[in-house]
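A quick note: this is a predicted structure, and the numbers were derived from the prediction, not measured.
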Amino acid sequence: MYGYGEGGTPEYTVEALLKKTGMEDSFMLEFKATPSEVPNLMQQEENCVAILPQPFVSLSKLMVEPLYVPVSITAEWNKAFADTGSQAITTTTIVNRAFLEEHEQAVVEYLQMSGMSVEWTLENMDKAAALQEELGTFMNNSVAADAMPQIALTCLTGTEMRAALSGFIDELYAANPDLVGGAIPGEDFYYLPFTGTIDDDAIGKEQAQAAVQQ
């Protein structure tokens, strides 16, 4: 089985999930330097199995025939860690304390705009897919349009963010403490906006859950 991200979050995410489900000794993973290498191997090797993020799954559909996508790592993580509320987080917004104290209103406005961006994208998938080509990413519109409904796009802030991220950090720490700086961060690591400053602290959550169950 092929994957990517050895020594980083992708490896330890898979490792934590396999351990939680009692399957840590069931697979032998060979890691490649980048996810773009894996579709080429899938073309060449019969019955090849791989763990890939989007949009590389959608890209692989153009290269590998037939291609089966029987499992969503996000869906399996959510099921395995339902007892903790942990989610497999892929992107975070980080500022240092001095910046936050000096520019808190700007941080709040950024979080509001992030939520608006996610909301607009979920309601305008085709337009959002077309934008990425204008911005010069490696994807073409068809790959982006296929991938975007399946990426569990959501914007978490406040207590929703803290529950999802703290649980994920706990699992990364258990796998390799160095991934999180050698210690579990304290409660002051998480920024919780004042009540009423953010309309919804889990924009896209229901759509994300539905997407990974497809």
Side-chain angles (χ1 to χ4, degrees), residues 4-5 9-10 13 34-36 38-39 50-65 67-79 82 85-95 103-165 168 190-214:
Y4 89 104
T9 302
T13 298
T34 66
S36 58
V38 179
I51 297 176
L52 280 173
Q54 286 288 10
F56 294 96
V57 175
S58 292
L59 183 63
S60 297
K61 292 179 181 179
L62 303 178
M63 303 171 63
V64 182
E65 179 64 38
L67 180 75
Y68 302 102
V69 188
V71 174
S72 162
I73 295 296
T74 302
E76 296 305 315
W77 183 284
N78 290 347
K79 286 190 292 185
S86 166
Q87 295 183 39
I89 305 296
T90 57
T91 305
T92 59
T93 298
I94 304 290
V95 299
H103 304 288
E104 183 171 12
Q105 184 56 38
V107 172
V108 169
E109 290 177 6
Y110 174 83
L111 295 175
Q112 291 170 333
M113 292 174 66
S114 296
M116 292 168 62
S117 176
V118 167
E119 193 168 34
W120 181 86
T121 299
L122 292 171
E123 295 173 356
N124 300 274
M125 286 287 188
D126 290 341
K127 292 180 181 179
L131 277 177
Q132 60 76 35
E133 193 164 280
E134 291 181 26
L135 295 172
T137 69
F138 72 94
M139 293 183 291
N140 61 41
N141 286 357
S142 62
V143 171
D146 185 79
M148 289 177 68
Q150 304 169 55
I151 62 174
L153 182 65
T154 185
C155 179
L156 301 179
T157 56
T159 55
E160 288 275 357
M161 172 275 298
R162 181 174 59 186
L165 183 55
F168 187 51
Y190 305 97
Y191 174 64
L192 305 184
F194 290 111
T195 302
T197 56
I198 304 291
D199 292 334
D200 186 350
D201 61 1
I203 294 173
K205 184 177 180 179
E206 292 183 3
Q207 294 96 320
Q209 291 174 339
V212 299
Q213 297 297 338
Q214 292 178 357

Results of salt bridge (charged side-chain N to carboxylate O under 4.0 Å, His left out) for Glu119 - residues two or more places apart only: none

Pairs where residues 106-118 contributes a residue and the test salt bridge (Lys or Arg N to Asp or Glu O under 4.0 Å) is met, not counting sequence neighbours: none

Does any non-hydrogen side-chain atom of Phe56 lie less than 4.5 Å from one of Val38? no

Sequence neighbours excluded, the answer for side chain to side chain donor-acceptor pair (under 3.5 Å) partners of Glu76 is Lys79

On a heavy-atom basis, which atom in Thr197 and which in Gln112 lie closest, and how many Å separate them? O-NE2, 2.7 Å

Pairwise distance CG(Leu153) to OG1(Thr91) - rounded to 0.5 angstrom: 9.5 Å

Keeping Thr121 on the side-chain end and Ser117 on the backbone end, is there a donor-acceptor pair under 3.5 Å? yes

Closest approach of Ala129 to Asn141 (non-hydrogen atoms, all atoms of both residues): O-OD1, 3.4 Å

Determine the minimum heavy-atom distance between Asn78 and Ser86, stating which atoms define it. OD1-O, 4.3 Å

Closest approach of Met125 and Pro149, non-hydrogen atoms and distance? CE-CA, 3.9 Å

So how far is it from Thr74 OG1 to Gln54 CD, rounded to the nearest 0.5 Å? 10.0 Å

d(Leu59 CG, Lys61 NZ) to nearest 0.5 Å is 11.0 Å

Between Trp77 and Thr13, the two heavy atoms sitting closest are CZ3-O, 3.3 Å

Of all residues at least two apart in sequence or in a different chain, which pass the side chain to side chain donor-acceptor pair (under 3.5 Å) check with Tyr191? Glu104

Once side chain to side chain donor-acceptor pair (under 3.5 Å) is applied, do any residues pair with Ser36, and if so which ones, sequence neighbours excluded? Thr34

Give a yes or no on this: more than 12 heavy atoms of other residues, nucleotides or ligands lie within 6.0 Å of atom CE of Met63. yes

Show the nearest heavy-atom pair for residues Leu67 and Val64, with the distance to one decimal. CB-O, 3.6 Å

Pair Gln150-Val69, side-chain contact (heavy atoms from CB on, under 4.5 Å): steps then yes or no: CA-CA 11 Å; Gln150 304 169 55; Val69 188; 5.8 Å; no

Listed partners of Ser142 passing side chain to side chain donor-acceptor pair (under 3.5 Å), at least two apart: Asn140

When rounded to the nearest 0.5 angstrom, what is the spacing between OG1 in Thr9 and CD1 in Ile89? 11.5 Å

Measuring from atom CD1 of Ile151 to atom CG of Asp146, what distance do you get when rounded to the nearest 0.5 angstrom? 11.5 Å

To the nearest 0.5 Å, how far apart are OH in Tyr4 and CD1 in Ile51? 11.5 Å

